[in-house]
Amino acid sequence: MNLFRHFNDLVREAAASLDGAPSDINVGPITVEPPRDPSHGDLATNAAMVLAKPLRQKPRDIAEMLVPAIQEMDGVALVEIAGPGFINIRLGDGFWQARLTEILRRGTSYGDSEMGHGDRVNVEYVSANPTGPMHVGHARGAVFGDALASLLEKAGWDVTREYYIHDAGAQVDVLARSLHYRYRVALGQDPGPMPEGLYPGEYLIEPGRELAERDQDRWLDADEQEWLLPLREFATDRMMALIRADLHALGVEHEIFTSERKLHADGRVEEAVSDLEARGMVYTGVLEPPKGKLPDDWEPRPQLLFRATEWGDDVDRPLKKSDGSWTYFAADIAYHFDKYKRGFPQMIDVLGADHGGYVKRMVSATRAITGAKTGGLTIKLCQMVQLLDDGQPVKMSKRAGTFVTLRDVVDRVGRDVVRFMLLTRKNEAPIDFDFAKVTEQSRDNPVFYVQYAHARCCSIFRNAEKDVPGLDTSSEAVHAADLGLLKHPEELALIRLMTSWPRLVEQAAEASEPHRLAFYLYDMASAFHGFWTRGRDAEDLRFIHPDNPELTLARLALVDGVRTIIRSGLQVLGVTPIEEMR
RNA sequence: GGUCCCGUAGCUCAGCAGGAUAGAGCAACUGAUUCCUAAUCAGUAGGUCACAGGUUCGAAUCCUGUCGGGAUCACCA
C-alpha cells in the first residue's frame, strides 16, 4: 500500500464533497506528502491552499472545513492546521503496526506496484560493440539498464531486456582483420608488427589459435574478400561470448540479443525505409553544412534522407552513405521498427553520454515509425565513468589496447561494489570510480554500510535463538508476534521509513531513476544502525530480552521488516544481501 | 555557432511530478567499545542552492537570459 496515495484519494474525495464546492472542482493539484520535518506529523496536505482560489476563501477557513472529514479517516489520530494552511495528519500507532504486519506478510513483494498496468516495455542496454571484452565504461550502462529493468518490473511493467549486437559496421571488419593477423601468427607466420588501426588487444590471440586449429591454413593465402565474412562471424561470435561472460560476472542478463547483421541480411532495413518512404518521410536531398566548425572534408552531396525535422529533430538525417550503403541510423530505424512490431510500443534505450547527439534523431524516427507525436522511445543517457587509482586518472585507449576491462574491476573489487557504486549516482552525473576508495571497506563505501545493516538483522536472529532458550524464531512465530508492543517513538520511526518504500519505488520508476533506491537503502540502514546503537545505553531498546520472549518476538518482527525492505531494495539493484560479515 | 547534461557545505553528492527552518557522507573538532558485529553510533562546525529576471499564496525545484564546466555536431558506430 502506498499510504500517501491512499490518503490522497481520501482527501480529494473530502475536498470534492465540501459544502459549496462546485461539481467540476479540480482536485488534481491536491497532494498528500510526508512533511520534511517529522515533527509536523506523518502526512501533510496542501488541499486548503490549492482550493483557496477556486473556492474564493481563505486557506485556513477551508482547512477548518476539511478537518472533520479527515479526522474520521481510518488510522488518523490527530489533525492540525499549520503555517499558511497545511493540514498535518498524524496516524495512530495501530496504523503503523498494521503496516509492519503487511510488510511481513508480503515479504520482498512489499512495494510492488501496479503502476505499469502490465504494459510491455523493452529496455535495451549495454549494446557494446562486439570487438573486445567490456571495459568499465560499459559497466555503468549495463548496471543502470539492468537495475532500471528490475525497477520497472517491480513497478508493474512487463519488461524485456534486450541487447543490440553491432556486428555489421566497419568496426567488425577491423576485428576480422585483427583476428586474421593473430591467426597467421598462430600458424607460425611472422606478419611483422601489427598494422596501424587494428585491435592490438591480446584477447584475440586465443581466438586466432582456435581458428587456426579449426580451419588450418585455409585462409592463410586467401584474398581478404574470401575470408572477411567468415572471420567476421567467427570473431564476433567469440567476442559476444566474451561479453556475455563479462555481463554474467556482473550479474547482468538479457533475454534477447538482436543482430544488426541479421537485420540487414533479412532485408529489414529496406523494409523499414520503404515503410517510411510510403508515408513520404524519405527523400533525396543535400544537407546544409553543419554550423560552426566545418569538417575538413565536407562537401555538398545528395543523400537519401529521413524527414527527422517533421518529428522534432533539428535537421533531416542521412539514411545512406555516399557509397550507397545504409548508415548506422538506417539500421537502427529498422531495429526500432522491429521492436515495435514485436509488440513494444514503449521502448527505453540506455546509451552512453557520448551518444547524446543521437537522441533526437532516434526519438523522432521512432515517432515516425509509431505515428505517435509523443511517447514511444525514451533514451536514458549515462554519463562517463572516470576511472581513478588513488586520485590519479587511469588512461585508457581501446585502439592502443590499454584499457581496464570490466572483468579486472569485478575481480578486484567485487560485483556488489561495482553495481552499488555505479548506482549511487543519478545517471546524468559523471562518476569518478576510484579503485583505492572502493576497495577499502570503509564507511566511505556505502555498499558495506547497507550490507552490514542486513547482516546485523540476520545476526540478531541468530543471537535470539541462542540467547532466548526455546524461542520460536520461525517466520510464522515472528509474524504472529504482538506488534502492539512496538510503540516506542524510535520503533515507530523505523516502521514509518519502511512504509515509504512503496512510494519510493513508484517515484523512482516514474522518473526512471534507480539511484533513488540506493539512497533510500542508505537511509534505511542508517536508521537501523542508529536504533541498534541506542540499545547500548538503553537496555530496554535492545532487540533481545532473554526474560521477555513476547517483546523479543515483537522486536524480531521489526528487524524482519527492516531486513525485508533492505533485501527487497538490494534485489532490484542486483546486490547480494549478505547474511554475515566477517 | 547548434543541441544535450551539469553548477547545492572545503571535497563527493542527495533533495522526493514547487511546500514549512536546504540534507547526508568524507575531511575537521568533541564524545561512546567489560554490553545483540565500533565495517557502528551520538554531537559541534560548515551554504547568497553559479548569476539576473519571470511565473504564484510559496522556487534549489518550473520558464527566459547570462556566466562557468562536460558531451556531441554530414558520410563512423
Side-chain angles (χ1 to χ4, degrees), chain A residues 31 33-37 40 44 46 49-50 52-53 59 82-86 88 127 129 131 166 168-172 260 286-295 297-301 303 305 313-315 317-318 320-323 325 327-329 331-332 352-360 381 383-384 424-432 437 440-446 448-449 451-453 455-456 459-460 462-464 466-467 500 503-504 507-508 510-511 513 515-516 518-520 522-523 526 529-537 539 542-545 555 559 580-582:
Chain A
T31 60
E33 292 177 333
R36 193 170 290 168
D37 184 345
H40 288 141
N46 62 355
M49 291 179 287
V50 170
K53 202 168 243 184
F86 286 104
N88 292 331
S127 300
N129 282 341
T131 54
H166 297 121
Q171 79 281 4
V172 282
E260 180 186 0
V286 179
L287 286 175
E288 295 285 314
K291 300 206 165 74
K293 208 191 249 175
L294 202 64
D297 56 347
W298 191 89
E299 57 184 42
R301 64 171 76 108
Q303 285 175 300
L305 300 171
D313 202 353
D314 306 317
V315 286
R317 303 292 182 175
K320 277 190 174 174
K321 302 180 203 169
S322 43
D323 66 1
S325 62
T327 58
Y328 170 79
F329 178 51
D332 223 349
D354 53 339
H355 291 70
Y358 200 68
V359 172
K360 274 195 181 178
L381 295 178
Q383 280 293 338
M384 300 293 154
T424 313
R425 190 129 319 173
K426 79 181 146 209
N427 60 296
E428 276 149 354
I431 294 183
D432 286 345
K437 270 206 175 135
E440 76 188 44
Q441 302 193 353
S442 71
R443 68 196 108 182
D444 210 0
N445 195 337
F448 292 100
Y449 187 83
Q451 287 184 319
Y452 182 36
R456 261 189 167 166
S459 160
I460 290 164
R462 287 191 297 267
N463 286 315
K466 202 172 60 196
D467 297 344
S500 63
R503 178 174 185 255
L504 188 99
Q507 290 178 328
E510 174 76 34
E513 292 184 345
H515 76 274
R516 294 190 192 183
F519 281 94
Y520 171 83
Y522 189 88
D523 287 345
S526 175
H529 284 312
F531 187 79
W532 193 95
T533 309
R534 209 75 27 96
R536 284 182 171 279
D537 299 326
E539 280 197 39
R542 292 198 189 162
F543 297 103
I544 299 168
H545 299 267
R555 290 267 161 85
V559 171
E580 191 167 8
M581 295 180 95
R582 286 289 169 200

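Just so it is clear: chains get the letters A, B, ... in the order the sequence lines come, proteins before strands, and each one is counted from 1. Just so you know, these numbers use all the heavy atoms, side chains as well, and skip hydrogens, waters and symmetry mates.
- For the residue pair A/A44 and A/N88, the shortest heavy atom distance occurs at CB-OD1, 3.5 Å.
- At a cut-off of 3.5 angstrom, counting only N and O atoms as typed in the model, there is no donor on one side facing an acceptor on the other between the side-chain of A/R462 and the base of B/C36.
- Between the C1' atom of B/A74 and the CG atom of A/L305 lies a distance of 9 Å, rounded to the nearest Å.
- One C1' atom belongs to B/G15, the other to B/A24, and the distance between them is 10 Å to the nearest Å.
- The gap from the C1' atom of B/A42 to that of B/U48 amounts to 31 Å, rounded to the nearest Å.
- Using a 4.0 Å heavy-atom distance criterion, A/R456 is classed as a sugar-phosphate-only contact.
- Between A/H355 and B/C73 there is no side-chain polar atom (N or O) within less than 4.0 angstrom of OP1 or OP2.
- Considering all non-hydrogen atoms of both residues, A/R425 and A/P430 come closest at CD-O, 3.6 Å.
- In this structure the side chain of A/E288 never reaches within 4.5 angstrom of the side chain of A/V315, judged on heavy atoms.
- Residues A/W532 and A/R456 are in side-chain contact: their nearest non-hydrogen atoms beyond the backbone lie under 4.5 Å apart.
- Distance A/D354 CG to B/C5 P: 16 Å, rounded to the nearest Å.
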For nucleotides 19-21 of chain B, which of its nitrogen or oxygen atoms have a protein nitrogen or oxygen under 3.5 Å away, and what is each distance?
| from | atom 1 | to | atom 2 | distance (Å) |
| --- | --- | --- | --- | --- |
| B/A20 | OP2 | A/R36 | NE | 3.4 |
| B/A20 | OP2 | A/R36 | NH1 | 3.3 |
| B/A20 | N6 | A/N88 | OD1 | 2.6 |
| B/A20 | N1 | A/N88 | OD1 | 3.4 |
| B/A20 | N1 | A/N88 | ND2 | 3.2 |

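- Taking atom C1' in both B/G47 and B/G53, one finds a spacing of 23 Å when rounded to whole Å.
- Here, B/C51 and B/A60 have their C1' atoms 14 Å apart, quoted to the whole Å.
- Here the nucleotide nearest the side chain of A/Y328, chosen from B/C4, B/C76, B/A14, is B/C76.
- Taking atom C1' on both B/G19 and B/U56, the two are 12 Å apart, rounded to the nearest angstrom.
- Two residues, A/E513 and A/Q383, neighbour RNA chain B, and the one matched to the more 5' nucleotide by heavy-atom proximity is A/Q383.
- With rounding to whole Å, A/R317 atom CZ is found 12 Å from B/C76 atom P.
- When each of A/R516 and A/G357 is assigned the nucleotide of RNA chain B with its nearest heavy atom, A/R516 is the one assigned upstream, toward the 5' end.
- Using a 4.0 Å heavy-atom distance criterion, A/I544 is classed as a base contact.
- Taking atom CZ of residue A/R536 and atom P of nucleotide B/G43, one finds them 16 Å apart after rounding to whole Å.
- Taking atom CD1 on A/I431 and atom P on B/C11, their separation rounds to 20 Å, with Å as the unit.
- Within 6.0 Å of atom CD in A/E510, 12 or fewer heavy atoms from other residues, nucleotides or ligands are found, so the atom counts as exposed in its surroundings.
- Rounding to whole angstrom units, NE2 of residue A/H515 and C1' of B/C5 are separated by 14 Å.
- The distance from atom OH of A/Y522 to atom C1' of B/A39 is 12 Å, rounded to the nearest whole Å.
- You'll find that the side chain of A/F519 is closest to B/C13, out of B/C13, B/C76, B/A17.
- Under the 4.5 Å side-chain criterion, counting only non-hydrogen atoms from C-beta, A/E428 is not in contact with A/H515.
- The A/H529 side chain lies nearest to B/U40 when the options are B/U3, B/U40, B/A74.
- Across all their heavy atoms, A/I544 and A/A464 have their closest contact at CD1-N, 3.5 Å.
- A/G356 comes within contact range of no nucleotide atom at all, as no heavy-atom separation falls under 4.0 Å.
- With a 4.5 Å cut-off on side-chain heavy atoms, A/R462 and A/E580 count as touching.
- Contact annotation for A/E580: base contact, defined as any heavy-atom pair under 4.0 Å involving a base atom.
- As rounded to the nearest Å, B/C62 and B/U55 have C1' atoms that lie 8 Å from one another.
- Pairing each heavy atom of A/P59 with each of A/G85, the nearest pair is CB-CA, 4.4 Å.
- In this structure, A/P430 reaches the sugar-phosphate backbone alone: every heavy-atom distance under 4.0 Å involves primed, P, OP1 or OP2 atoms, never a base.
- Minimum atom distance to the side chain of A/K321 is reached by B/C75, of the listed B/C75, B/C41, B/A39.
- Using a 4.0 Å cut-off, no side-chain N or O of A/R534 falls inside it from OP1 or OP2 of B/C35.
- Within the 4.5 Å cutoff, no side-chain heavy atoms of A/N463 are placed close to those of A/F543.
- Residues A/E260 and A/H166 share a closest heavy-atom pair of OE1-CA, 3.4 Å.
- In this pair, A/Y522 and A/Y449 present their aromatic rings parallel. The plane angle is below 30°, not in the 30 to 60° band.
- Residue A/Y358 is in base contact, counting any heavy-atom pair closer than 4.0 Å across all strands shown.
- At a threshold of 4.0 angstrom between heavy atoms, the contacts of A/R301 include nucleobase atoms, whether or not backbone atoms are also involved.
- Distances shown here put every side-chain N or O of A/K320 at or beyond 4.0 Å from the OP1 or OP2 atom of B/A74.
- Only the P atoms considered, B/A39 is 14 Å distant from B/U34, to the nearest whole Å.
- Here A/T327 lies in heavy-atom contact (under 4.0 Å) with sugar-phosphate atoms only.
- On the P atoms, B/A59 is 33 Å away from B/C26, given to the nearest whole Å.
- Closest of all the heavy-atom pairs between A/L504 and A/R516 is CD2-O, 3.8 Å.
- Listed candidates were B/C75, B/U3, B/C6. Nearest to the side chain of A/K360 is B/U3.
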Only Watson-Crick and G-U wobble pairs with both distances less than 3.5 Å should count. Give RNA chain B in dot-bracket notation, marking inter-strand partners with |. (((((((..((((.....[...)))).(((((.......))))).....(((((..]....))))))))))))....
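- Under 4.0 angstrom from either OP1 or OP2 of B/C6 there lies no side-chain N or O belonging to A/K426.
- Between the CD1 atom of A/I460 and the P atom of B/C35 there is a distance of 16 Å, given to the nearest Å.
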